[in-house]
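Because the structure is predicted, anything quoted here is derived from the model rather than measured. Below, chain A is the first sequence line, B the second, and so on; all start at residue 1.
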2 protein chains.
Amino acid sequence: MALKGGTRARRWNPVRMEDVAQRAGVSLMTVSRAIRLPHTVSEGTRAKVEAARAELSYVGSAIAGQLAAGRTRLVGVVLPDLRNAAFALAMQGLSDTLGREFELVVASPHGAEEGDEHVIRSLLGYRPAALVIHGNVRSREARKILVSSEIPVVEMGSLLRRPVGCSIGYSNREAGEAATEYLLAKGHRTVGFVCAPMRYNERAKERWHGYRAALKRRGIAPRPDLELEIELGYRRGEEAFKLLRKRERGIDAVFFTGDAWALGALFYCQRQGIEVPRDVALMGFDDQEQAALVVPALTTVRVPRYEMGAQAGRVLRARLMDLPHGDTQIDLGFEIIERSSA
Amino acid sequence: MALKGGTRARRWNPVRMEDVAQRAGVSLMTVSRAIRLPHTVSEGTRAKVEAARAELSYVGSAIAGQLAAGRTRLVGVVLPDLRNAAFALAMQGLSDTLGREFELVVASPHGAEEGDEHVIRSLLGYRPAALVIHGNVRSREARKILVSSEIPVVEMGSLLRRPVGCSIGYSNREAGEAATEYLLAKGHRTVGFVCAPMRYNERAKERWHGYRAALKRRGIAPRPDLELEIELGYRRGEEAFKLLRKRERGIDAVFFTGDAWALGALFYCQRQGIEVPRDVALMGFDDQEQAALVVPALTTVRVPRYEMGAQAGRVLRARLMDLPHGDTQIDLGFEIIERSSA
DNA sequence: TTGAAAGCGCTAACAA
DNA sequence: TTGTTAGCGCTTTCAA
């Protein structure tokens, strides 16, 4: 600790705890206590330190503090895509329940081919107190480094058979099956299916399995030509819808595994005078706020977006504070919301 | 560096650089180099280190590394609200241009009354390499600690007269004025206005100033009873619209400073058989993807959401790498998108 | 209630 | 090309 004002360039905020200590006329350690454990220092000392802190606009270095303490107050969040409003809702739930004492470090793969391993490794470098993964851990290597990191991990969105840590969500397979069965029960027989590219998206794949299962139970032959994998978006929904109708004029219904696609198709029908659900039934997924307001109102599947994040936050708080915590699998369920489009 | 396997509890991932070094049969420093500056070590050494690293599943501590190096690879992001899709787009732009080498630490105020000061202070604790603030720095205290932190700061969304660092965006005032003038030029005289609560939202206030200015230039008396401040949302848009119509049966047009509100109102009109724009004209703000697809297509103001984030990323990259960088004020402009609703 | 010493896991500067 | 030494700015431990 020699050479305090040495030659080494002072990086960052030049105000250190030491400076506050000198100003307050106490030792560095007392400043540390006054800030983190105010009740362990005397009233007068606390006031002096607080005054010095304010005068110098001192902001402690979380980096240094957490390195010394051996634990951070960072929670890593892995998102498949920053743009998706559904993830944003879950983030809000997480942030709300985690509270002020944790910060969220958010990362998503740069480019579709980048594996989850890279993102997870980057986040683990910051030694987060916990990790929340929207979606599921795919690669074997990612699993391995997660397990050996020994921090609480929450996988969110799909209930998994073999989660790395805790799994919160609902069964995408059952949701897909229920939605398809809903359409079949209405008498539709030629039902299209639209989902995200399944290669990198376990949830999409699950919903597809559910869709196929529902067809099978009714003894309906699958139509691979009516199953589309595309990126999310309103326009994409319109395009997918047009393509499906081109491929099969007599299509009865389309199950879009995302409201944005379904709404895009619905708006297209509005413009073209295609009557929904008489000419073709449309089913969405997510129950976004607008789904209830469009004409005809969109029949869709409601999944607990905000609640997933909030539950994740609660589970992590409990784990991090060594409180007892419940299951490692939390099924929040889903709900078919019957409206007018199907 | 004594007591290596001492009594002190080993927190975090127990694998340290030292362990990799031993395994590879080289010094700690060589491992550090092999990882960060691969070209400065010999081929063989690099291979040995890489093998050891893989065997031990070593993930370096960014916390320790960055404390030692005196700079982090974190970029702090302040968002007014995690849910807002508009911010998500800007985040994506930021993430895309910043690239893999930086992580984003995202924070937003917990509760509407919490000042920006608290959020900014929390983020600065992590000594981020830079800070991106969506919106503007309000409090004097926040300004002060930002300035004294001496890191690059980007304020995004509104062009500011006196930004803390760099300001990227467009003039909300001019956008508000242009949109209103557009409606007035169409012959509308009784024009409602809907925005977010102005108390905590400088952008909303700016748009309102623009709205008032446009009225004034045309010699139209303002109607404070037709100016509403509400939270964003489709349903809220519908409610606001109903309220405005109740207050003034003869309302000609409504300028919603957010597409979600405008679309909510538009969907309501669809359901009620209110003809847009014949009965009443509707104007949005943001040009979300759906705006072009609904019936009638929504006339709105396009602002460069993604581009703002991307520009912020570019400016920061330049600053952080000491490259020359352009202006400290980047006006990305806005555009009135004329469609059918107004 | 306060302080001094040791060191968190790594990088920078310098030496070999 | 590799190794050694001295910290980064804090917290922990232990002593006063």
Side-chain angles (χ1 to χ4, degrees), chain A residues 1-22 24-49 53 56 58-73 124-127, chain B residues 1-22 24-49 53 56 58-73 124-127:
Chain A
M1 215 114 303
L3 275 171
K4 218 161 298 169
T7 54
R8 189 152 180 168
R10 193 64 72 60
R11 294 85 35 114
W12 288 341
N13 192 329
V15 182
R16 296 154 311 149
M17 198 176 264
E18 175 82 43
D19 303 319
V20 179
Q22 265 174 21
V26 297
S27 79
L28 181 154
M29 200 45 229
T30 300
V31 175
S32 175
R33 288 202 187 91
I35 290 173
R36 287 178 306 129
L37 314 158
H39 57 278
T40 65
V41 300
S42 74
E43 179 76 19
T45 308
R46 190 161 66 238
K48 274 191 297 184
V49 169
R53 201 186 77 96
L56 298 174
Y58 172 70
V59 178
S61 166
I63 292 281
Q66 297 174 3
L67 174 63
R71 65 203 134 77
T72 66
R73 296 209 162 282
L124 284 179
Y126 288 92
R127 300 293 187 267
Chain B
M1 216 114 305
L3 275 172
K4 218 161 297 169
T7 53
R8 187 152 181 165
R10 192 65 73 57
R11 293 84 33 112
W12 288 340
N13 192 328
V15 182
R16 294 154 312 149
M17 197 176 264
E18 175 83 44
D19 303 318
V20 179
Q22 266 175 21
V26 296
S27 80
L28 183 153
M29 199 50 223
T30 300
V31 175
S32 176
R33 287 203 188 90
I35 291 173
R36 288 177 306 129
L37 313 158
H39 58 278
T40 65
V41 300
S42 75
E43 180 77 20
T45 309
R46 189 162 64 241
K48 273 190 298 184
V49 170
R53 201 186 78 96
L56 299 174
Y58 172 70
V59 178
S61 166
I63 292 281
Q66 296 174 5
L67 175 63
R71 65 202 137 76
T72 66
R73 297 209 162 282
L124 284 180
Y126 288 92
R127 299 294 186 267

A.B. asks: What is the separation between atom CZ on A:R71 and atom P on D:dC10, rounded to the nearest whole Å?
C.D. replies: 16 Å
A.B. asks: Tell me whether A:T72 contacts the main-chain N or O of A:Q66 through its side chain, where contact means a donor paired with an acceptor under 3.5 Å.
C.D. replies: no
A.B. asks: Tell me the interatomic distance from A:M29, atom CE, to C:dA4, atom P, rounded to whole angstroms.
C.D. replies: 12 Å
A.B. asks: Quick one: are A:I63 and A:L67 in side-chain contact, heavy atoms under 4.5 Å?
C.D. replies: no
A.B. asks: Roughly, in whole Å, what's the span from CD in A:E18 to C1' in D:dT11?
C.D. replies: 14 Å
A.B. asks: Does B:T45 put a side-chain nitrogen or oxygen below 4.0 Å from OP1 or OP2 of D:dT1?
C.D. replies: no
A.B. asks: Atom CD of A:Q66 and atom C1' of C:dC10: how far apart are they, to the nearest Å?
C.D. replies: 16 Å
A.B. asks: Taking the side chain as every heavy atom from C-beta outward, state whether A:V59 and B:R127 have any atom pair closer than 4.5 Å.
C.D. replies: yes
A.B. asks: For the backbone of A:P38 and the side chain of A:R46, can you confirm whether one donor and one acceptor N or O come within less than 3.5 Å of each other?
C.D. replies: yes
A.B. asks: Counting the atoms with a prime plus P, OP1 and OP2 as sugar-phosphate, which does B:I63 contact under 4.0 Å by heavy atoms, base, sugar-phosphate, or nothing?
C.D. replies: nothing
A.B. asks: Start at the 5' end of DNA chain C and walk down; is the nucleotide closest to A:V41 or to B:S61 reached first?
C.D. replies: A:V41
A.B. asks: Using OP1 and OP2 only, check whether a side-chain N or O of A:S32 sits under 4.0 Å from D:dT11.
C.D. replies: yes
A.B. asks: Check the phosphate of D:dT4 against B:R33, side-chain N and O only, distance under 4.0 Å to OP1 or OP2. Yes or no?
C.D. replies: no
A.B. asks: Nearest heavy atom decides the nucleotide; on that basis, is B:S42 or B:A64 closer to the 5' end of DNA chain D?
C.D. replies: B:S42
A.B. asks: What's the CG-C1' distance between B:D19 and C:dC8, to the nearest Å?
C.D. replies: 14 Å
A.B. asks: Which whole-number value in Å describes the distance from A:K48 NZ to C:dT1 P?
C.D. replies: 14 Å
A.B. asks: Does a side-chain N or O of B:R46 approach OP1 or OP2 of D:dT2 to a distance below 4.0 Å, or not?
C.D. replies: no
A.B. asks: Output the rounded distance in Å from CG (A:L124) to P (C:dC10).
C.D. replies: 14 Å
A.B. asks: State whether a side-chain donor-acceptor pair under 3.5 Å links A:R36 with A:S32.
C.D. replies: yes
A.B. asks: Whether A:S27 contacts C:dA4 is assessed here as follows: a side-chain N or O lying under 4.0 Å from the phosphate OP1 or OP2. Is that the case?
C.D. replies: no
A.B. asks: Starting at atom CD of B:Q22, determine the distance to atom C1' of C:dG9, rounded to an integer number of angstrom.
C.D. replies: 15 Å
A.B. asks: Heavy atoms from C-beta onward define the side chain here; which of D:dT12, C:dC10, D:dT2 lies closest to that of B:T30?
C.D. replies: D:dT2
A.B. asks: Checking contacts here: which listed nucleotide (D:dT11, C:dC10, D:dG9) is nearest the side-chain heavy atoms of B:A68?
C.D. replies: C:dC10
A.B. asks: Give a yes/no on whether any side-chain N or O of B:Y58 is located under 4.0 angstrom from OP1 or OP2 of C:dC10.
C.D. replies: yes
